Q: 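Here it is, the structure, as structure tokens.
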Amino acid sequence: MNSVATTPTVTPSTQNPKQPQQRQTAKEIIAANVKSLIEQLEAGHSDALTAYLDAMSRFHNYSFGNILEIARQRPSASRVAGMYAWNQLGRRVKKGEKGIRILAPIIGIKRKRDEDAEKDITKQNTTVLVGFRNAHVFDVEQTEGVDLPTMREVYGDVGENRDRLLSFIERKGIALVFTENIAPALGMSYGGRIAILPGQSKAEEFSTLVHELAHEMLHKAERRTTTTKVVRETEAEAIAFVVGKAVGLEAGSASADYIQLYHGNASLLAESLEVIQQTSAVILAALESPATEEAMPDAELARVA
């Protein structure tokens, strides 16, 4: 589903290096990356935010913290997996290539008391999240070997994604109407109802639908009362950018300069970016076809970090 395009470079923060052997929590990783992003944008590098949004479109099944880590360390990455996973696919990591550090979960076993286990033998032990460990993944460009199966790419044609998006909107119980009455607006969200201006190109209509769907999905969130209308609009636009890029649409700048709305407030920026990532991931999951979905062996490792 993803098209590989030239991605703006994201320069690591000069203050980042905690050494790899020092364990970092997911919260520390997010804080360091958001701080780096703010520094770059304040220095006039507004393409940095677009690079992070690009990464969200390619790695929507990864956690927020790990998406930031992948984007910071290798902005051009398009498909990542661990060394063992690449070996299983018939590819080898090239000599001298440096891995992309992420956090992977450590899963333990919680054993039930004997008397509880005797009552239900099928539930004697349960898995629990113990913590996180440093792990390394590699981009496909860092490997060589047998060709991978061709991934379906759209290149500006929404294809079946429009129907899947409409089905998702219907499943969410959101009414959808096409009406000239909202002109000159391309779309409107009313809380349980979306109105779309007819006559748009398929790509533009798809982007508008995602934008308004994002408003619907965020409508009841408690934080909505503490953000401005401009912030909510730019979050919705960023979500439309991420989803559009993931299905191969050409998109604009995704309001890359909206960082200025946060006036250096790192915690608010992190919250906003996480909203964008999580909402985009839900929509993109709804667009995936079970028959054609490619599951990378290492994806689950990064999902909860």
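All values below were derived from every heavy atom in this structure, side-chain atoms included, with hydrogens, water molecules and symmetry-related copies excluded. All values reported here derive from a predicted model rather than from experimental measurement.
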Q: Does Arg79 reach the side chain of Glu141, with side-chain heavy atoms less than 4.5 Å apart?
A: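 Result no, sub-4.5 Å side-chain heavy-atom pair not found.
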Q: A quick test of your reading: do over 12 heavy atoms of other residues, nucleotides or ligands sit less than 6.0 Å from NZ of Lys98?
A: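 No, the 6.0 Å shell around NZ holds no more than 12 heavy atoms from other groups.
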Q: Where do Ala214 and Ile239 come nearest, in terms of heavy atoms and distance?
A: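 Closest approach of Ala214 to Ile239, heavy atoms only: CB-CD1, 3.7 Å.
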Q: Do Ile174 and Leu176 sit in the same hydrophobic cluster, where Ile, Leu, Val, Met, Phe, Trp and Tyr count as joined when their side-chain heavy atoms come under 4.5 Å apart?
A: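 Yes, Ile174 connects to Leu176 through the hydrophobic network.
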Q: Less than 4.5 Å apart, side chain to side chain, heavy atoms only: is that true for Asn161 and Arg164?
A: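 They are in side-chain contact.
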Q: Just so I know, are the side chains of Trp86 and Val140 near enough to count as touching, which here means a heavy-atom distance under 4.5 Å?
A: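 With C-beta onward as the side chain, the pair touches.
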Q: Closest approach of Val137 and Gly82, non-hydrogen atoms and distance?
A: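 Taking Val137 first and Gly82 second, the nearest heavy atoms are CG1-N, 4.0 Å.
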Q: Whether the side chain of Asn33 engages the backbone of Gly65 through a donor-acceptor N/O pair (distance < 3.5 Å, no angle test) should be reported.
A: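 No: the side chain of Asn33 does not pair with the backbone of Gly65.
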Q: Name all residues meeting the side-chain contact (heavy atoms from CB on, under 4.5 Å) criterion together with Ser207; count only those two or more places apart in sequence or in a different chain, and write none if there are none.
A: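 Expected list: Ala240.
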Q: Under 4.5 Å side-chain heavy-atom separation, chaining through any Ile, Leu, Val, Met, Phe, Trp or Tyr, what else clusters with Ile182? Say none if it is isolated.
A: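 Taking Ile, Leu, Val, Met, Phe, Trp and Tyr as members, Ile182 shares its hydrophobic cluster with Leu186, Met188, Tyr190, Leu197.
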Q: Take Leu166 and Leu209, measure what side-chain contact (heavy atoms from CB on, under 4.5 Å) needs, and give me the verdict at the end.
A: CA-CA 9 Å; Leu166 293 178; Leu209 278 167; 4.0 Å; yes
Q: For Thr279, what residues pass the side-chain hydrogen bond (donor to acceptor under 3.5 Å, both in side chains) criterion, not counting sequence neighbours?
A: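 Scan of Thr279 (side-chain hydrogen bond (donor to acceptor under 3.5 Å, both in side chains), adjacent residues dropped) gives none.
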Q: Measure the OG1-CZ distance between Thr50 and Phe241 for me, rounded to the nearest 0.5 Å.
A: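 The distance works out to 5.0 Å.
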Q: How close do Ala270 and Ile30 get, heavy atom to heavy atom, and via which atoms?
A: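 Nearest pair, atom of Ala270 first, then Ile30: CB-CG2, 4.2 Å.
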Q: Please walk me through it: do Leu89 and Val146 pass side-chain contact (heavy atoms from CB on, under 4.5 Å)?
A: CA-CA 8 Å; Leu89 292 169; Val146 300; 5.9 Å; no
Q: List the steps and the verdict of side-chain contact (heavy atoms from CB on, under 4.5 Å) for Leu165 and Ile283.
A: CA-CA 8 Å; Leu165 182 62; Ile283 297 173; 4.2 Å; yes
Q: Can you list every side chain to side chain donor-acceptor pair (under 3.5 Å) pair that touches residues 174-184, not counting sequence neighbours?
A: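 For residues 174-184, and leaving out neighbouring residues, the side chain to side chain donor-acceptor pair (under 3.5 Å) pairs sorted by first residue read Thr179-Asn181.
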Q: Quick one: does His136's side chain get under 4.5 Å of Ile100's, heavy atoms only?
A: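 With C-beta onward as the side chain, the pair stays apart.
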Q: State, with a plain yes or no, whether a side-chain heavy atom of Phe64 is found less than 4.5 Å away from one of Gln278.
A: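 The answer is no; the side chains never approach within 4.5 Å.
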Q: Please say yes or no: joined through hydrophobic side-chain contacts below 4.5 Å, possibly via intermediate residues, are Leu213 and Val177 part of one cluster?
A: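 No: no chain of side-chain contacts under 4.5 Å links Leu213 to Val177.
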Q: Give the C-alpha distance, both sets of side-chain angles, the deciding distance and a yes or no for side-chain contact (heavy atoms from CB on, under 4.5 Å) between Leu53 and Lys245.
A: CA-CA 9 Å; Leu53 298 178; Lys245 287 285 287 187; over 6 Å; no
Q: Do Gln200 and Thr208 have side chains that get closer than 4.5 Å, going by heavy atoms?
A: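 A side-chain contact exists here, since the closest heavy-atom pair is under 4.5 Å.
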Q: Kindly write out the residues that satisfy side-chain hydrogen bond (donor to acceptor under 3.5 Å, both in side chains) with Glu97, not counting sequence neighbours, or none if the list is empty.
A: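 In terms of side-chain hydrogen bond (donor to acceptor under 3.5 Å, both in side chains), with neighbours along the sequence ignored, Glu97 is linked to Gln142.
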Q: State the CG-CD1 distance between Asn66 and Ile29, to the nearest 0.5 angstrom.
A: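 Asn66 atom CG to Ile29 atom CD1 measures 6.5 Å (nearest 0.5 Å).
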Q: Are the side chains of Tyr52 and Leu68 in touch, meaning some heavy atoms are under 4.5 Å apart?
A: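 Yes, at least one pair of side-chain atoms sits under 4.5 Å.
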Q: Could you check if a side-chain atom of Leu49 sits within less than 4.5 angstrom of a side-chain atom of Leu273, using non-hydrogen atoms only?
A: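 Of all side-chain heavy-atom pairs linking Leu273 with Leu49, at least one is under 4.5 Å.
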Q: According to side-chain contact (heavy atoms from CB on, under 4.5 Å), who are the partners of Ala31, at least two apart in sequence or on a separate chain?
A: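 Result, side-chain contact (heavy atoms from CB on, under 4.5 Å) vs Ala31: none returned.
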Q: Who passes side-chain contact (heavy atoms from CB on, under 4.5 Å) against Val282, sequence neighbours left out?
A: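 Per chain and number, Val282 pairs via side-chain contact (heavy atoms from CB on, under 4.5 Å) with Phe168, Met217.
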Q: For Glu205, give me all partners under salt bridge (charged side-chain N to carboxylate O under 4.0 Å, His left out), at least two apart in sequence or on another chain.
A: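 By the salt bridge (charged side-chain N to carboxylate O under 4.0 Å, His left out) rule, Glu205 matches Arg162.
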Q: Heavy atoms only: give me the nearest Ala26-Leu103 pair and the separation to one decimal.
A: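 So the minimum-distance heavy-atom pair works out to N-CD1, 3.5 Å.
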Q: Ser272 and Glu235: which non-hydrogen atoms are nearest, and at how many Å?
A: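 Minimum heavy-atom contact is OG-OE2, 2.6 Å.
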Q: Taking only residues two or more places apart in sequence, or in another chain, which ones meet Asn87 in a side-chain hydrogen bond (donor to acceptor under 3.5 Å, both in side chains)?
A: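 Partners of Asn87 by the side-chain hydrogen bond (donor to acceptor under 3.5 Å, both in side chains) criterion, ordered by chain and then number, come out as Arg92.
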Q: Please check if the side chain of Asp139 supplies one atom and the backbone of Ser78 the other of a donor-acceptor pair under 3.5 Å.
A: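 Looks like yes, one N/O pair under 3.5 Å.
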Q: Ser189: what forms a side-chain contact (heavy atoms from CB on, under 4.5 Å) with it, not counting sequence neighbours?
A: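 Here the qualifying residues are Glu212, His215, Glu216.
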Q: What's the shortest heavy-atom distance between Ser57 and Leu284, and which atoms?
A: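 What the structure gives for the nearest pair is O-CD1, 4.4 Å.
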Q: Do His211 and Glu233 get their side chains close enough for a donor-acceptor pair, meaning under 3.5 Å?
A: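 Yes, Glu233 and His211 have a side-chain donor paired with an acceptor closer than 3.5 Å.
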Q: Would you please name every residue forming a side-chain hydrogen bond (donor to acceptor under 3.5 Å, both in side chains) with Arg91, sequence neighbours left out?
A: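 Arg91: side-chain hydrogen bond (donor to acceptor under 3.5 Å, both in side chains) contacts with Thr143.
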